[in-house]
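Residue numbers run from 1 in the order of the sequence given.
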Amino acid sequence: MTSLKDRLKEILLRDKLISPKDFEKAIDYQKNKGGELSKILVHLKLIDEDSLTQVLSEGLQLPVINITRLDIPPEVIALIPKNMAVKYQIMPISLMGDYMTLAMVDPLNIFVIDDIKLVTGYQINPIISRASDITATIEKYYITDKETREPESIEEEENGETFDEIIRDIQDTEELELVKGAEAASQPSREVEEIAEEAPIIKLTDTIIRQSVYAKASDVFIEPMESCVRVRYRVDGIIREVDRITKALHFPIVSRIKIISSLDISEHRLPQDGRFKIILSKDKSVDFRVNVLPTAFGEKVCLRVLDQSGEAINIDTLGFEEASLQRLKECAAKPHGLILACGPTGSGKTTTLYSILKHVSSPEKNLVTVEDPVEYQMKGANQVNVKASMGLTFSRSLRSILRQDPDVILIGEIRDSETLDIAVKAALTGHLVLSSLHTTTAAGSIVRMENMGIEPFLICSSLLAIVAQRLIRRICPQCKEAYTLSDVAAEKLGLAEPNSHRKVTMFRGKGCEHCFKLGYKGRVGITEILILSHPIKDLILSRAGEIKIKEIARREGMQTMREDGLAKAKAGLTTVEEVIRITAPDEPLK
């Protein structure tokens with residue numbers, strides 16, 4: 001396909017609307033400052049808006065539509081947020097099947113079309129309209145909003161520039177050819193480093209990183225594929241593709257991330273781990289944990305977003321069931337013992353541990369944490385970063401910490417038998433120990449401890465409570481609606497009231513511009529809290545299995561994660577579908 005630049009040049013010079021010298025002036029301006037060529041021509045007053053629209057119409061063989069006379073349905077307007085309409089100079093016109101008719105100043109801008117497809121879920125049928133007509137129509141149909149807002153799209157940053165706009169800047173320079181040459185010829189790392197330090201590459205990498213923070217992502221994935229590079233964010237626990245970048249830019253992006261993470265830029269065969277920090281404002285910084293993994297198509301980069309400036313959440317606001325929360329607080333008030341948080345990666349274990357630490361914190365207590373890395377900065381606590389490459393492991397740190405006379409110790413994660421052994425002994429010798437374990441259920445954590453070599457009598461003597469948890473998506477408050485659950489579903493989930501014909505009302509999100517049409521925004525925790533009562537300790541001493549321990553715990557009042565999730569669904573915080581997706585069915589009580 002002939003590029004927009006070539007089409008414009010051919011028609012403009014043929015009709016003598018612009019001189020070759022003026023056209024080259026616009027090209028030079030684009031190379032130096034970036035931006036779309038059509039907008040630059042108007043900005044430099046080399047051509048007026050109406051003439052440019054006619055040129056585009058002829059070049060694309062599309063008529064110019066006066067959209068100010070059209071009657072656009074409200075449901076069509078609602079599909080595209082005002083900020084995107086203004087930014088891209090577009091206007092949704094109508095829907096037909098899977099297609100949306102979209103008025104655009106520049107219908108050849110495939111990057112804008114891809115963004116709108118991603119936001120709306122519709123295929124795009126572009127038409128040409130004058131910029132003034134689009135502006136007038138936006139003012140007519142959209143409510144004016146002068147309030148300060150966060151970016152509505154994860155493609156939008158403070159400077160309003162997207163990945164694709166930056167990539168176009170790179171493609172309009174000679175840098176892309178340098179990158180291709182460096183990758184194809186496998187040039188020395190010094191030359192690669194120079195390319196990675198070029199301004200457009202720095203700008204692109206910085207945009208990917210910063211937009212992940214604005215999108216409230218927990219992870220960023222930069223994944224090489226056969227013919228492109230895929231950029232994905234994990235937001236609210238769900239991975240979402242945000243862009244695909246030309247494969248030629250993979251090499252310098254990875255090199256740039258290695259440079260800022262202090263990794264070996266010449267190593268491409270082995271995995272590497274690192275970290276870096278970005279400063280967003282005077283009082284806000286965000287830490288990133290980096291892992292580089294060699295794959296068949298190149299090195300995949302995973303960035304874990306760690307907002308160190310966030311305050312630990314109060315234990316009363318985490319959503320624990322009231323009776324369980326009271327029992328957990330009673331355990332935390334004891335002078336010594338072990339409290340465990342269990343669940344998979346990204347289930348909020350560290351948040352729970354820090355909320356307990358904050359609850360027991362006081363000026364009279366010596367609080368020490370050892371983590372890899374420190375995820376929250378907490379006033380009054382002595383926090384240690386594990387550095388395994390230097391020999392500063394969890395077990396070695398703990399041995400030293402115990403000589404510091406701590407009252408409360410928070411261990412970020414128990415990964416091996418040695419660390420678990422030290423944690424149990426610390427709990428037995430007068431310390432309150434908080435830590436996490438990678439298990440799926442509270443009862444399963446006890447079996448896991450036995451498998452890691454801890455004797456049952458030591459578990460009974462040291463362990464106070466286990467909190468198992470997951471994070472599930474919260475219903476978007478902007479598009480939340482009630483509906484009636486079917487009788488079959490209500491009966492199967494145990495939500496139907498005995499001897500009652502009343503219908504069960506639940507809630508869901510319809511999907512709107514605030515939640516990217518997903519119906520969910522944010523997350524809420526679901527938990528089960530196992531307290532070691534005397535009957536539970538008797539089962540542990542007899543080496544009873546997980547099922548038997550869970551059965552007795554439920555008889556004593558423990559609410560399982562599924563039960564907690566269904567209670568939150570009934571309260572309108574999440575959906576039944578989300579609870580079923582995250583949790584396993586509970587075994588019936590005998």
Measuring only between side-chain heavy atoms, which start at C-beta, is [X] closer than 4.5 Å to [Y]?
X    : Y    : value
P294 : R269 : no
L495 : L485 : yes
I472 : V579 : yes
N382 : T369 : no
V305 : V286 : yes

I'd like to know if the side chain of [X] reaches the main chain of [Y], judged simply by a donor and an acceptor atom lying under 3.5 Å from each other, with no hydrogens or angles considered.
X    : Y    : result
R562 : T583 : yes
E563 : T560 : yes
Q469 : S347 : yes
S212 : I209 : yes
T120 : Y122 : yes
K480 : G572 : yes
K365 : P406 : no
N314 : D316 : yes
S436 : C342 : no
D236 : G522 : yes

Under the rule for side chain to side chain contact (heavy atoms under 4.5 Å, CB included), what residues qualify as partners of [X], not counting sequence neighbours?
X    : value
S361 : L367, M378
L471 : R523
L420 : I414, V424, M449, M452, I454
A427 : L338, V433, S462

With [X], which residues qualify under ring pair (Phe, Tyr, Trp, His ring centres under 6.0 Å), at least two apart?
X    : answer
F507 : none
H431 : none
F221 : none

For residues 431-444, the salt bridge (charged side-chain N to carboxylate O under 4.0 Å, His left out) pairs (sequence neighbours left out) are none
Between [X] and [Y], is any side-chain donor less than 3.5 angstrom from a side-chain acceptor?
X    : Y    : answer
E528 : T441 : no
E578 : T575 : no
Q559 : S324 : no

Other residues, nucleotides and ligands only: do more than 12 of their heavy atoms fall within 6.0 Å of [atom1] on [X]?
X    : atom1 : result
E481 : CD    : yes
K521 : NZ    : no
R396 : CZ    : no
K510 : NZ    : no

For the residue pair F251 and H268, categorise the inter-ring angle as parallel (less than 30°), tilted (30 to 60°) or perpendicular (more than 60°). tilted
The complete set of side chain to side chain donor-acceptor pair (under 3.5 Å) pairs with one or both residues in residues 407-417, sequence neighbours excluded, reads D372-R415, E413-R415, E413-H438, D416-T419
By salt bridge (Lys or Arg N to Asp or Glu O under 4.0 Å), R448 pairs with (sequence neighbours left out) none
Sorted by chain and number, sequence neighbours left out, salt bridge (Lys or Arg N to Asp or Glu O under 4.0 Å) with R470 holds for none
Nearest non-hydrogen partners of [X] and [Y], listed with the distance:
X    : Y    : answer
I526 : D564 : CA-OD2, 3.3 Å
V370 : S397 : CG2-CB, 3.6 Å
T439 : S445 : OG1-OG, 2.6 Å

Taking the cut-offs as 6.0 angstrom to the six-membered ring centre and 45 degrees off its axis, would you call R508 and Y483 a cation-pi pair? yes
Of R232, R234, R240, the one forming a salt bridge (Lys or Arg N to Asp or Glu O under 4.0 Å) with D219 is R234
Those residues at least two apart in sequence (or on a different chain) that pass side-chain hydrogen bond (donor to acceptor under 3.5 Å, both in side chains) with D421 are K425
